[in-house]
Amino acid sequence: MATIPVAVLGATGAVGQRFIQLLEGHPLFQVVALTGSERSAGKKYHEVCRWVLDTPMPAAVANLTVLDADADLPAQLVFSALPSTVAGPIEQRLAAAGHIVCSNASNHRMEPDVPLIIPEVNPDHLALIPVQRRRRGWSGAIVTNPNCTSTPATMVLRPLLDTFGVRRMLLVSMQALSGAGYPGVPSYDVVDNVIPYIGGEEPKLEIEPQKMLGRLEGETIVPAGFTTSAHCNRVPVLEGHLVCLSIELERKADPAEIATVLSNFRALPQELRLPTAPEQPIIVRHEPDRPQPRRDRDAGRGMATVVGRIRPCSLFDIKLIALSHNTIRGAAGASILNAELMHAQGWLA
Ligand SMILES: NC(=O)C1=CN([C@@H]2O[C@H](COP(=O)(O)OP(=O)(O)OC[C@H]3O[C@@H](n4cnc5c(N)ncnc54)[C@H](OP(=O)(O)O)[C@@H]3O)[C@@H](O)[C@H]2O)C=CC1
Ligand SMILES: N[C@@H](CC(=O)OP(=O)(O)O)C(=O)O
């Protein structure tokens, strides 16, 4: 099968590099264009990219010339890893010009006509695409994936909400350094330390899951009705965001029942066998000290959510730990899986 040409915006950054890595040898998509800031535009990718991943920079992209953010792109499908300071108007311009923009940036996530998608959670919300096109007069579209910390919480909540109902949740995160991009948090601030603040993060965790877990009624998403309180912390780990969740359920359940429901969870990406989908979206570990970022973040090629320490909670009903790879399932892998779903459902035609 011929591959579909794609462009990566913000290709030199932490998430951009993950896109390049995950798209190497991809069965559907082939990288043909890259963009960067003024710093990089006009230069070869290998000259301007400080490659921080453990696999070599793919030869096929090393000699591509980095384009500037305003360039015409030779690909309908565009993956955006742009900073939110600049992503808004660039992504809108591309969607108006007919591109399908699968974006990591937070700018458009909460707009009512923009799908905010985890394919295992709310694939039906792609039905907002024609609504978006009609309202904005666009021939392309913007489809977003969530914040990298919303991701593990929302994955776990999908089967819990469907099986038991959810009333309230307390979330405490321990977020990896790569979440702050490259070069990110100065080593002088974070080595031997925990930083109990990530700008703008807590409100996102309190609203994004409600949108994804909400019901699409006509042209509107009715948010899921539970409430969340979030605390976010930056910890000296390279990759892998850990969240401690305390959850109040509508119907009581014991830890063994919760573990079974989470382990048995399967969804459309598994049914469709999408190339980037993990076979098992939620893996439950039973050891007392798992999941751990270093040991568990690569489960399911970085696309699985690893859950452990499921136990009773004296404030709410249950508590557990969930881990997700922030630059794979929380960013580049998430966008690619969204694009695979859109391809399978005919949106990229
Ligand atoms: N890191 C993570 O875990 C996650 C990140 N995200 C989101 O993904 C996006 C990318 O994040 P991340 O990779 O961490 O960021 P980085 O800071 O590591 O990379 C930013 C990229 O954008 C380019 N860029 C910077 N300024 C401009 C500009 N003015 N015009 C055009 N391009 C520009 C940079 O190019 P150059 O190198 O040429 O300057 C670089 O390629 C952000 O919106 C972030 O919030 C989402 C989920 C998780
Ligand atoms: N803020 C997240 C990463 C991120 O970029 O989030 P968002 O895509 O919501 O801006 C972190 O630091 O780990």
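All figures in this text were calculated on a predicted structure; none of them were measured in a lab. Indexing begins at 1, ligand by ligand and atom by atom, following the structure's order.
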[X] N/O to ligand 1 N/O under 3.5 Å:
| X | answer |
| --- | --- |
| T12 | yes |
| G10 | yes |
| A14 | yes |
| R39 | yes |
| S37 | yes |
| V15 | yes |
| Y182 | yes |
| L82 | yes |
| S40 | yes |

Distance filter under 4.0 Å to G330 heavy atoms, resulting ligand 1 atoms: 47 (C), 48 (C)

Out of all atoms in ligand 1, which are within 4.0 Å of some heavy atom of G179? Include the element for each.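 The list of qualifying atoms is 1 (N), 2 (C), 3 (O).
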
Could you check whether any side-chain N or O of [X] sits under 3.5 Å from a backbone N or O of [Y], counting only pairs where one atom can act as donor and the other as acceptor?
| X | Y | result |
| --- | --- | --- |
| T35 | D68 | no |
| E91 | V101 | no |
| R136 | Q92 | no |
| S80 | C102 | no |
| H241 | A176 | yes |
| K211 | R109 | yes |
| H125 | G214 | yes |
| Q21 | D54 | no |
| R168 | T227 | no |
| R329 | A334 | no |

How about [X]: does its [atom1] atom have over 12 heavy atoms from other parts shown lying under 6.0 Å from it?
| X | atom1 | result |
| --- | --- | --- |
| R294 | CZ | no |
| E47 | CD | yes |
| E38 | CD | no |
| N63 | CG | yes |
| D192 | CG | no |

State whether E111 and R135 are salt-bridged, where the test is any N-O pair (Lys NZ or Arg NE/NH1/NH2 against Asp/Glu carboxylate O) under 4.0 Å.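 A salt bridge is absent here (no side-chain N lies under 4.0 Å from a carboxylate O).
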
Around [atom], find the nearest protein heavy atom and jot down its residue, atom name and distance.
| atom | result |
| --- | --- |
| atom 10 (C) of ligand 1 | A81 O, 3.0 Å |
| atom 14 (O) of ligand 1 | G181 CA, 3.0 Å |
| atom 7 (C) of ligand 1 | N104 O, 3.7 Å |
| atom 1 (N) of ligand 2 | E201 OE1, 2.6 Å |
| atom 12 (O) of ligand 2 | R234 NH2, 2.4 Å |
| atom 25 (C) of ligand 1 | P83 CG, 3.6 Å |
| atom 5 (O) of ligand 2 | G179 O, 3.9 Å |
| atom 10 (O) of ligand 2 | K204 NZ, 2.9 Å |
| atom 3 (O) of ligand 1 | N326 ND2, 3.2 Å |

contact_flag A11 ligand 1 heavy-atom lt 4.0 Å: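 In this structure, A11 qualifies as a contact of ligand 1 - some heavy atom is under 4.0 Å.
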
Going by the order shown, which atoms of ligand 2 are within less than 4.0 Å of some heavy atom of R109? 7 (P), 8 (O), 9 (O)

May I ask you to list the atoms of ligand 2 that are less than 4.0 angstrom from any heavy atom of N147? 6 (O), 7 (P), 9 (O)

Determine whether V261 and M169 fall in the same hydrophobic cluster, where Ile, Leu, Val, Met, Phe, Trp and Tyr are linked whenever their side-chain heavy atoms lie under 4.5 Å apart.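 In one cluster with V261: M169, yes.
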
Can you tell me which portion of [X] lies within the under-4.0 Å heavy-atom range of ligand 2? Options are side chain, backbone, both, or neither.
| X | answer |
| --- | --- |
| C148 | side chain |
| E208 | neither |
| N104 | backbone |

Part of [X] within contact of ligand 1 (heavy atoms, under 4.0 Å):
| X | answer |
| --- | --- |
| A69 | side chain |
| S178 | backbone |
| V86 | side chain |
| A41 | neither |

Passes side chain to side chain contact (heavy atoms under 4.5 Å, CB included), D317 versus E248? Steps please. CA-CA 5 Å; D317 293 305; E248 183 179 22; 3.6 Å; yes

4.0 Å protein heavy-atom contact status of atom 44 (C) of ligand 1, strictly under: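 Protein heavy atom within 4.0 Å of atom 44 (C) of ligand 1: absent.
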
Given C148, A331, G36, G13, identify the one with the heavy atom nearest to atom 19 (O) of ligand 1.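 Among C148, A331, G36, G13, the closest heavy atom to atom 19 (O) of ligand 1 belongs to G13.
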
